[in-house]
Amino acid sequence: MSDLSVSIGKLMLKNPIMPASGTFGAELTPLLDINRLGALVPKSVTVSARDGNPSPRVCETSASMINSIGIQSKGIDDYVTRLLPEYRKFSPPLIASISGETIQEYETLAARLDAQPDVAALELNISCPNLRTNGQAFGMSAEATAQLVRTVRAVTDKTVIVKLTPNVTRIQDIAQAAEHAGADALTVANTFLAMAIDSETRKPRIGNLMGGLSGAAVKPLVVRLIYQVHQATRLPIIGSGGVMNGQDAIEMILAGASAVQVGTATFLQPNAMTTIIDDIDDYLNRHQIEHLTDLIGQVDLS
Amino acid sequence: MSDLSVSIGKLMLKNPIMPASGTFGAELTPLLDINRLGALVPKSVTVSARDGNPSPRVCETSASMINSIGIQSKGIDDYVTRLLPEYRKFSPPLIASISGETIQEYETLAARLDAQPDVAALELNISCPNLRTNGQAFGMSAEATAQLVRTVRAVTDKTVIVKLTPNVTRIQDIAQAAEHAGADALTVANTFLAMAIDSETRKPRIGNLMGGLSGAAVKPLVVRLIYQVHQATRLPIIGSGGVMNGQDAIEMILAGASAVQVGTATFLQPNAMTTIIDDIDDYLNRHQIEHLTDLIGQVDLS
Amino acid sequence: MKLFNAKIIANHPINARYWHMILDASMLDEHVAPGQFFHLQCGDAQQNPLRRPLSVFHYHQASATLEFLYLVKGIGTQQMTQRRPGDYMNLIGPLGRGFTLPEQGALLLIARGVGVATLHALAREARAQNKTVYVLLSARTANDLLTAGALEEIGAVVHTVTDQEGTSDLEQVRPLLEQLIHAEKIGALYSCGSRRLSKLAQDLAEKYHLKGELAIEAHMACGIGDCYACACTIRSQGQLKTARVCSDGPVFPIEQVVIQ
Amino acid sequence: MKLFNAKIIANHPINARYWHMILDASMLDEHVAPGQFFHLQCGDAQQNPLRRPLSVFHYHQASATLEFLYLVKGIGTQQMTQRRPGDYMNLIGPLGRGFTLPEQGALLLIARGVGVATLHALAREARAQNKTVYVLLSARTANDLLTAGALEEIGAVVHTVTDQEGTSDLEQVRPLLEQLIHAEKIGALYSCGSRRLSKLAQDLAEKYHLKGELAIEAHMACGIGDCYACACTIRSQGQLKTARVCSDGPVFPIEQVVIQ
Ligand SMILES: Cc1cc2nc3c(=O)[nH]c(=O)nc-3n(C[C@H](O)[C@H](O)[C@H](O)COP(=O)(O)OP(=O)(O)OC[C@H]3O[C@@H](n4cnc5c(N)ncnc54)[C@H](O)[C@@H]3O)c2cc1C
Ligand SMILES: Cc1cc2nc3c(=O)[nH]c(=O)nc-3n(C[C@H](O)[C@H](O)[C@H](O)COP(=O)(O)OP(=O)(O)OC[C@H]3O[C@@H](n4cnc5c(N)ncnc54)[C@H](O)[C@@H]3O)c2cc1C
Ligand SMILES: Cc1cc2nc3c(=O)[nH]c(=O)nc-3n(C[C@H](O)[C@H](O)[C@H](O)COP(=O)(O)O)c2cc1C
Ligand SMILES: Cc1cc2nc3c(=O)[nH]c(=O)nc-3n(C[C@H](O)[C@H](O)[C@H](O)COP(=O)(O)O)c2cc1C
Ligand code: FES
Ligand code: FES
């Protein structure tokens, strides 16, 4: 048994594998040993209840899927009074993903969750392509990102993870803005703005026209983004996008990720995350690597 | 037989299907009826001969490939004296893709090719992720794009097509910059900057570390980009990225493309382009559409 | 709910568009209610990451067989037709909330197309409990009137209408159903597979104060209630709410369904 | 050069890592030279868009059979092992420039691992023209010494060395080869499959002023000379130039190859 533990800000995770927000819930209990995960990340929460987007909300594309759930949320009250207590039965630390339409909403959410001992860290979803028109997001501007992170930083001492959008010209700039504004870690990245049309009906295959692309198809883009961010900042990175197996997770770690989120793969195989943990363990044993941390960023450029 | 013809600037193409630069050459002659294509686009040419990038120059990823050929070019002299005459045996109009490291180089190339009657139009490759460090390209800046296009516009009356990069926050801005600077059409888009690492050897799977992602996996991203550009400009759009069959081509046309380039699919099936033309013809007949142009941008948003 | 591999016993076309698959479900140790569904991995999981939901067509606990009736629609169901006896299917299930039988009275099932796959299991269950079952089967052509024979065999009374014969329009179906409601002791209405027929069933249930249930469809990702891909709008206590088809449904009380 | 489907006649493992495939190539109406290759679609084309290049292991015009010997390496060759007799493979070929025989003298073939697949066809061609053929076969283990028997059968003189026995290092192979060059009338050297051995062959060719050819490998996209994916550096008339392995090669004059 190798040492799979990694640290993300003040958090020490027993292994690097955690769910991607929006693809995970307690309903997985019968199908997955949730307590084996490095951390838990429930669906992004908003201040008030929201209904989400028109259907269809998902469609399948080559080695990928598009989703436009929107932030279907019961609001922060329900999160605090119902969801957090429900998650107490699980042992891994809980990372609360928060999403807002204004910086004030992020502040409200962060302040509220800062008071919750059940929340180990915050992930700021500043990158959801499904909230505003045409996929716009805070994370597309370095200034907006900096301002948002500073505001949140001021109201919480918990580990703040900023989930970046991949839909930018230079992710390095946004990453550095988040770093200077006080982020503890970065998730790289949210989904890629995408669209599909049914040629027979001529209708968009997503009710909301556009949505976010995830799954194996995006992995080469995400590995590049992780590498770029790792070169540009010192923050620990949580890779997210297209991890289907242990090899994919190792690839992201070599590119610079300290931990890895798994989303679409869980739809395919509900126990994908524990399989991936086993794969990583095998890999470390096979390569006689004692600590997973020895692999982070160790792509061989010789 | 429906009418498949479309116009791109001053060019009238007998059908919308043409090769993507860098994936096509006269060597296809035994395998493909080249004269059936709407236009021909040879590999991007540079002012001087260039050697291209270290190997491996291609690798396979999920429903996609990464390439980092670099611009392997014999230079403009060879292009004019050897390549253009060789292409005279083919009937479709030739679109010359040009690539430079400075705006002056684009100017030189455009001026030189403007004098060549064998060249029907120019495609400005301002978006190659394989030329400069870390995938930087002119096409990432609206100002650089405008300046480059204005400079080229000043030296040629031929149809000028600007090939945009997808690796930007707002492709609409770059598209509008190109439009205002005098472009006649836009190719949407070049490849997506990507990276892959072999988890066993820990080495990058591309000799040059990063390269451009193409193939089916990128189609949902490109359809979105085409739609965005179509909303933002009046220029005809040539879709490029992930077209494997006739349905894919129709999808891009519904999103706003007037014509469609085919690259990776040709590696898979050397005659993919003529199959796609047949598929489009079938589609129009089946849906009783007389003119392909009636489909452009006709995604049904009702 | 369970994740398991089930060996294919048979996989045959029924007609040009529909196939029938029988699985060895001896791995299953739960009750499977009519109206529940399974979430199937149909083919190349890398290329096609989403599972496909299919209703239980028939589950026979004694022989541990699980059957699906499926319409060959797109890539997923096409890949299913390639699977041979002896191959394994990867399934999650049983999932969702199934139908409930009326306390008393007969059942009136209103199905169109492959909707009958879902209602078939209900007919069987009701017949097993000795309830009277009337079925209105609607389809494009006589050929697409699936399982009419099988339903008659288990003792359901089957009425068929088709587009081909021009008998399937609402103007003709409505009086037929009203006549059944008047003449027979119908305790509940059930519908699946057609928006028009579901709307009609909803009208009739309201008009005649009958219990009713609709099985509805939505594109799904997780299938178990985690992702909200399958959201639909539900009318509950006078308010519009969002529900998940996969876990709050796919069967809903007929008065709750907002039919678009 | 042609794009065609060829029916699989046989597809067998030779040992734990190598497989042998025989195709019905009656579609082929061209000469196939040893050293030429085919570009094969190995599996799911959507998921795996790149073809794989494989050298002709044997092409028998009379029986119209085309054979490949392949190492099961990654996803493409794994998918090849799944193909059954009766299935079709989609091929482009024959492609590239093959080997040329020496005007006079014997051939000395230096192969390691699956490199022998490429040199095997050359040995056959040379034997058919009644040339003397010496083969040095190097491999990890005795088990990986492919086709040594087949080569002997056609009358080649085969020397084998393996890592397992500790006989494959350059210090032992070099004297063996030099002795052959001294003792026999070697007219040309050919090598494939190992950088170390190719370098050695290059040295020997230079030292003994022998004609020589190397078959080299590169990752390919088009396979026909259009895309420059397969570029390699070639020394020609004192200058370094870029050449395409697929169309300028894969066989190059030994003195031209720049071995990294
Ligand atoms: C609860 C439930 C029970 C169902 N039971 C049956 C059944 O017993 N027999 C049967 O033939 N069909 C049934 N369907 C419909 C069936 O799920 C779709 O026909 C199937 O998913 C189509 O997949 P495809 O790959 O062949 O088609 P494609 O159109 O290629 O599918 C593309 C994507 O859209 C989704 N999709 C397309 N149509 C539907 C649909 N109607 N409902 C949900 N998702 C869809 C697919 O799952 C896939 O993600 C049921 C649907 C639901 C929600
Ligand atoms: C001209 C030529 C002739 C060859 N002849 C033979 C032969 O007769 N028998 C045999 O076993 N092998 C031969 N090879 C090597 C063979 O092409 C590779 O082993 C094969 O492509 C590996 O594919 P894969 O999907 O199994 O491996 P993967 O490693 O999964 O392949 C991933 C990608 O890398 C490429 N790739 C990996 N290794 C090589 C390689 N060595 N050369 C070229 N591309 C590679 C693949 O084509 C694919 O695009 C030859 C190569 C060349 C260039
Ligand atoms: C159905 C679905 C819902 C999602 N919802 C959220 C969300 O609420 N908040 C968020 O930050 N990301 C959300 N995402 C993005 C994922 O967290 C993840 O970043 C992305 O899917 C890439 O990873 P994958 O390829 O492993 O799925 C969602 C993704 C999917 C597929
Ligand atoms: C091997 C290869 C070489 C390429 N070379 C060029 C080039 O020289 N100039 C250019 O503008 N685009 C080049 N491209 C990009 C293609 O023209 C095209 O935009 C891209 O591949 C997307 O289309 P596809 O998915 O159909 O391949 C190249 C792509 C590939 C795969
Ligand atoms: S499909 Fe995920 S909640 Fe229903
Ligand atoms: S593989 Fe395309 S030029 Fe050689």
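Atom set for the values below is all heavy atoms of this structure, side chains included, hydrogens, waters and symmetry mates excluded. So you know, we letter chains A, B, ... as the sequences are listed, proteins then strands, and number each from 1.
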Measure distances from [X] to the heavy atoms of chain A and classify the residue's part below 4.5 Å as side chain, backbone, both or neither.
{"X": "C:Asn90", "value": "side chain"}
{"X": "C:Ile92", "value": "side chain"}
{"X": "C:Ala218", "value": "neither"}
{"X": "C:Gln46", "value": "both"}
{"X": "C:Lys241", "value": "neither"}

Working to the nearest 0.5 Å, report the span between [atom1] of [X] and [atom2] of [Y].
{"X": "C:Leu3", "Y": "A:Leu31", "atom1": "CG", "atom2": "CG", "answer": "6.0 Å"}
{"X": "A:Phe267", "Y": "C:His39", "atom1": "CZ", "atom2": "NE2", "answer": "9.0 Å"}
{"X": "C:Leu50", "Y": "A:Thr264", "atom1": "CG", "atom2": "OG1", "answer": "8.0 Å"}

* **Which portion of A:Ala26 sits near chain C, non-hydrogen atoms under 4.5 angstrom** =>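 Answer is backbone: N, CA, C or O of A:Ala26 sit under 4.5 Å from chain C.
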* **Under 4.5 Å from a heavy atom of chain C, the part of A:Thr61 involved** =>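 Answer is backbone: N, CA, C or O of A:Thr61 sit under 4.5 Å from chain C.
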* Structure fact -> Ranking C:Gly74, C:Cys230, C:Cys227 by heavy-atom pairs under 4.5 Å to chain A gives rank one to C:Cys227
* Check ion pair A:Glu27-C:Arg244 (N to O, under 4.0 angstrom) ->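 Looking at A:Glu27 and C:Arg244, the cut-off is met.
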* Asked: Is the backbone of A:Leu268 close enough, under 3.5 Å, to the side chain of C:Arg51 for a donor and an acceptor to pair up by distance?
  ->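 The answer is yes, because a donor-acceptor pair under 3.5 Å joins these two groups.
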Provide the closest heavy-atom pair for [X] versus [Y] in the form atom of the first, atom of the second, distance.
{"X": "A:Ser64", "Y": "C:Pro49", "value": "O-CG, 3.5 Å"}
{"X": "C:Tyr228", "Y": "A:Lys74", "value": "OH-NZ, 3.3 Å"}
{"X": "C:Ala221", "Y": "A:Met65", "value": "CB-CE, 4.2 Å"}
{"X": "C:His219", "Y": "A:Val58", "value": "ND1-O, 3.6 Å"}

Does [X] [atom1] have over 12 foreign heavy atoms under 6.0 Å away?
{"X": "C:Gln78", "atom1": "CD", "value": "yes"}
{"X": "A:Glu105", "atom1": "CD", "value": "yes"}
{"X": "C:Arg140", "atom1": "CZ", "value": "no"}
{"X": "C:Arg195", "atom1": "CZ", "value": "no"}
{"X": "C:Tyr88", "atom1": "OH", "value": "no"}

* A:Ala217, A:Cys59, A:Ser62, A:Pro42: which one forms the most heavy-atom pairs within less than 4.5 Å of chain C? -> A:Ser62
* When only pairs under 4.5 Å are counted, which of A:Asn271, A:Thr266, A:Leu28 shares the most heavy-atom pairs with chain C? ->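 Among the listed options, the one with the most contacts to chain C is A:Leu28.
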